[in-house]
Amino acid sequence: MSPGAAAAGPAAPLIVYRGVRKAFDGREVIAGIDLEVYPGETLVILGRSGSGKTVLTSMLVGLTIPNEGSITVGGLEITQLHSDADWRDLRLQTGYLFQGSALYDSMTVGDNVAFPMVQHTLWDAQEIARRVHEKLSQVGLAGVEPLDPSALSGGMQRRAALARSLALDPRIIIYDEPTAGLDPITGDEISSLIRRLQTTLKVTSIVVTHDLRLAELVADRVALLYQGAVGFLGTYQEFLNSEHAEAKRFLHREEAQETAP
C-alpha cells in the first residue's frame with residue numbers, strides 16, 4: 001500500500017465536497033457530487049472532456065464558484081469565502097500546476113519560481129534565491145535560474161511550473177493535465193516526480209487527467225466523473241476490474257469507438 005493510501009485510512013478527510021452543483025448557460029456540469037480527499041493521498045480525477053474535472057478542482061481556489069452545496073478544506077467552509085482577502089490564506093496553502101505550465105515568458109525561470117515569494121512574503125532577496133534553488137532542485141532543475149522558459153523543453157517547462165507551485169510549501173497541490181502534450185517517456189518522468197513529491201513532502205495531491213498511465217503511476221485512489229457525478233471511486237486496480245459501464249468504456253475506448261453507431 002502506498003504512503004498516501006495508508007494515510008487515507010484512519011485520518012479525517014482534508015477536503016470534503018457535499019452536494020456540489022455547477023451549471024454553465026443552463027447546462028449542469030457538476031450534478032450533486034459528494035467526494036472526500038484525505039491528507040497525504042493522491043486522488044486522480046478521470047473523465048471525458050467536459051465532464052467537470054477542472055471545474056471541480058478550480059472550486060478549491062475560488063476560480064469557479066458552485067451554485068449549490070458545501071466544500072470544506074481543513075474544516076473551513078470555502079463556499080462562504082467571497083473576497084480575495086477571504087481566499088488568501090487557503091490560496092497560499094494550495095499549489096496549482098496549470099495545464100500547459102503557464103510560465104511567464106517575460107521572466108527567467110528563476111524569477112518565475114520566485115514570483116509567489118515576492119508577491120506574498122517579506123523574505124529578503126538572499127532567502128528567496130535560496131528557496132528558488134531548493135525548489136528547482138526538488139524537481140531536478142538545479143542551475144536553470146537564468147534561463148528563459150523558451151530555452152527549456154516541454155518536460156522541463158512542466159517541472160519549472162511545478163517548482164513555482166511548490167514555492168510557498170503548500171499542503172495541497174492541484175495538477176491540471178500535467179502530462180498533456182508530452183511524449184510517453186517524459187510523461188512517465190513527470191508522473192514519477194509527482195509520486196516522489198507526494199511521498200517526500202507529504203502533500204495532498206489532486207491530479208486531473210485522462211491519462212491512464214499517469215493514473216496508474218500516481219493514484220492512491222481514482223474518481224471517475226460521469227454525467228456530473230462520481231461514477232466510480234476506488235484504487236486503480238479496482239478501477240481496472242470495475243463493472244461500471246463508463247469505467248469499461250474509459251479503459252477500452254478503442255473498442256467502444258469501433259462499436260459506436
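One-based numbering along the sequence shown. Source: prediction; values computed, not measured.
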Would Thr235 and Gln237 count as having a side-chain donor-acceptor pair, cut-off 3.5 Å? no
Evaluate the criterion side-chain hydrogen bond (donor to acceptor under 3.5 Å, both in side chains) for residue pair Arg249 and Tyr226; output intermediate values, then yes/no. CA-CA 11 Å; Arg249 281 191 289 266; Tyr226 179 59; 3.2 Å; yes
Give a yes or no on whether Val29 and Ile45 share a hydrophobic cluster (residues Ile, Leu, Val, Met, Phe, Trp, Tyr; joining criterion: side-chain heavy atoms under 4.5 Å apart). yes
Would you confirm whether Gln157, through its side chain, and Leu152, through its main-chain N or O, come within 3.5 Å as a donor-acceptor pair? yes
If I compare all heavy atoms of Phe250 with all of Leu224, which pair ends up nearest, and what's the gap? CD1-CD1, 4.1 Å
Keeping the roles fixed (side chain from Asp148, backbone from Thr108), state whether a donor-acceptor pair exists under 3.5 Å. no
Electrostatic pair Lys135:Asp169 at N-O distance under 4.0 angstrom: yes
With rounding to the nearest 0.5 angstrom, report the CD to OG1 distance, Glu127 to Thr121. 8.5 Å
On a heavy-atom basis, which atom in Val222 and which in Ala219 lie closest, and how many Å separate them? CG2-CB, 3.8 Å
Any side-chain heavy atom of Glu134 sitting closer than 4.5 Å to one from Leu166? no
Relative to Phe24, does Lys22 satisfy both conditions: NZ or CZ under 6.0 angstrom from the six-membered ring centre, and within 45 degrees of the ring's axis? yes
Which pairs, with at least one residue in residues 106-140 and sequence neighbours excluded, count as a ring pair (Phe, Tyr, Trp, His ring centres under 6.0 Å)? Tyr104-Phe115
Where is the tightest heavy-atom contact between Val218 and Ser191, given as atom of each residue plus distance? CG1-O, 3.2 Å
Rounded to the nearest 0.5 Å, what separation is found between the OG1 atom of Thr179 and the CZ atom of Arg158? 7.5 Å
Arg18: what forms a salt bridge (charged side-chain N to carboxylate O under 4.0 Å, His left out) with it, not counting sequence neighbours? Glu36
Whether the side chain of Glu41 engages the backbone of Pro39 through a donor-acceptor N/O pair (distance < 3.5 Å, no angle test) should be reported. no
Taking every heavy atom of Ala160 against every heavy atom of Val109, the minimum-distance pair comes out as CB-CG1, 4.0 Å
Could you check whether atom CG of Asn241 has more than 12 heavy atoms from other residues, nucleotides or ligands sitting under 6.0 Å from it? yes
Before accepting this row, confirm whether a basic side-chain N of the pair Asp86/Arg91 lies closer than 4.0 Å to the acidic partner's carboxylate O. no
Are the side chains of Val203 and Arg171 in contact, using a 4.5 Å heavy-atom criterion? no
The side chain to side chain donor-acceptor pair (under 3.5 Å) partner of Gln198 among Lys202, Arg196, Arg195 is Arg195
Sub-4.5 Å side-chain heavy-atom contact between Asp188 and Leu217: yes
Could you check whether any side-chain heavy atom of Glu177 comes within less than 4.5 Å of a side-chain heavy atom of Thr54, counting everything from C-beta outward? no
How about Phe239 and Leu212: do any of their side-chain heavy atoms sit closer than 4.5 Å? yes
Please check if any side-chain donor atom of Thr186 sits under 3.5 Å from a side-chain acceptor atom of Asp183, or the reverse. yes
Using a 3.5 Å distance criterion without hydrogens, assess whether the side chain of Lys53 forms a donor-acceptor pair with backbone atoms of Leu46. no
Between Ile190 and Leu162, is the side chain to side chain contact (heavy atoms under 4.5 Å, CB included) condition met? List the steps. CA-CA 10 Å; Ile190 295 297; Leu162 180 51; 6.0 Å; no
Heavy-atom closest pair (Ala163 atom, Leu136 atom, distance to 0.1 Å) is CB-CD2, 3.9 Å
Transitively linked via ILVMFWY side-chain contacts under 4.5 Å: Met156 with Leu182? yes
If we only count heavy atoms from C-beta on, is the Gln93 to Pro170 side-chain gap below 4.5 Å? no
Ile206 vs Val37, test: side chain to side chain contact (heavy atoms under 4.5 Å, CB included). Steps then yes/no. CA-CA 8 Å; Ile206 303 177; Val37 185; 4.2 Å; yes
Co-membership, hydrophobic cluster, residues Trp87 and Leu76, 4.5 Å side-chain: yes
If you group Ile, Leu, Val, Met, Phe, Trp and Tyr by side-chain heavy-atom gaps below 4.5 Å, do Leu63 and Leu168 land in one group? no
Do Val44 and Phe98 belong together in a cluster built from hydrophobic side chains that touch within less than 4.5 Å? no
With side chain to side chain contact (heavy atoms under 4.5 Å, CB included) as the criterion, how do Glu145 and Leu147 come out once you've worked through the C-alpha distance, each side chain's angles and the decisive distance to 0.1 Å? CA-CA 6 Å; Glu145 288 92 331; Leu147 298 181; over 6 Å; no
Are Thr72 and Ile78 close enough that some pair of their side-chain heavy atoms sits under 4.5 Å apart? no
With heavy-atom distances below 4.5 Å as the criterion, would you say the side chains of Ser165 and Tyr96 are in contact? no
Looking at every heavy atom in both Leu90 and Val73, which two are closest together, and how far apart are they? CD1-CG1, 3.7 Å
Checking Thr204 side chain against Gly40 main chain: does a donor-acceptor pair fall under 3.5 Å? yes
Please evaluate residues Ile33 and Leu225 with respect to the criterion side chain to side chain contact (heavy atoms under 4.5 Å, CB included), reporting the C-alpha separation (whole Å), side-chain torsions for both, the decisive distance (0.1 Å), and the verdict. CA-CA 9 Å; Ile33 277 184; Leu225 299 191; 3.8 Å; yes
Say whether Asn67 and Arg21, considering side chains only, have a donor N or O and an acceptor N or O under 3.5 Å apart. no
Worked verdict on Arg213 versus Glu216 for salt bridge (Lys or Arg N to Asp or Glu O under 4.0 Å): CA-CA 5 Å; Arg213 175 63 175 168; Glu216 178 185 9; 3.4 Å; yes
d(Leu43 CG, Ile15 CD1) to nearest 0.5 Å is 8.5 Å
Is there a donor in the side chain of Glu77 and an acceptor in the side chain of Ser70, or the other way round, less than 3.5 Å apart? yes
Rounded to the nearest 0.5 Å, how far apart are CD of Gln227 and CZ of Arg48? 8.5 Å
When rounded to the nearest 0.5 angstrom, what distance separates OG1 in Thr42 from CD1 in Ile194? 8.0 Å
Rounded to the nearest 0.5 Å, how far apart are CD1 of Ile30 and OG of Ser51? 7.5 Å
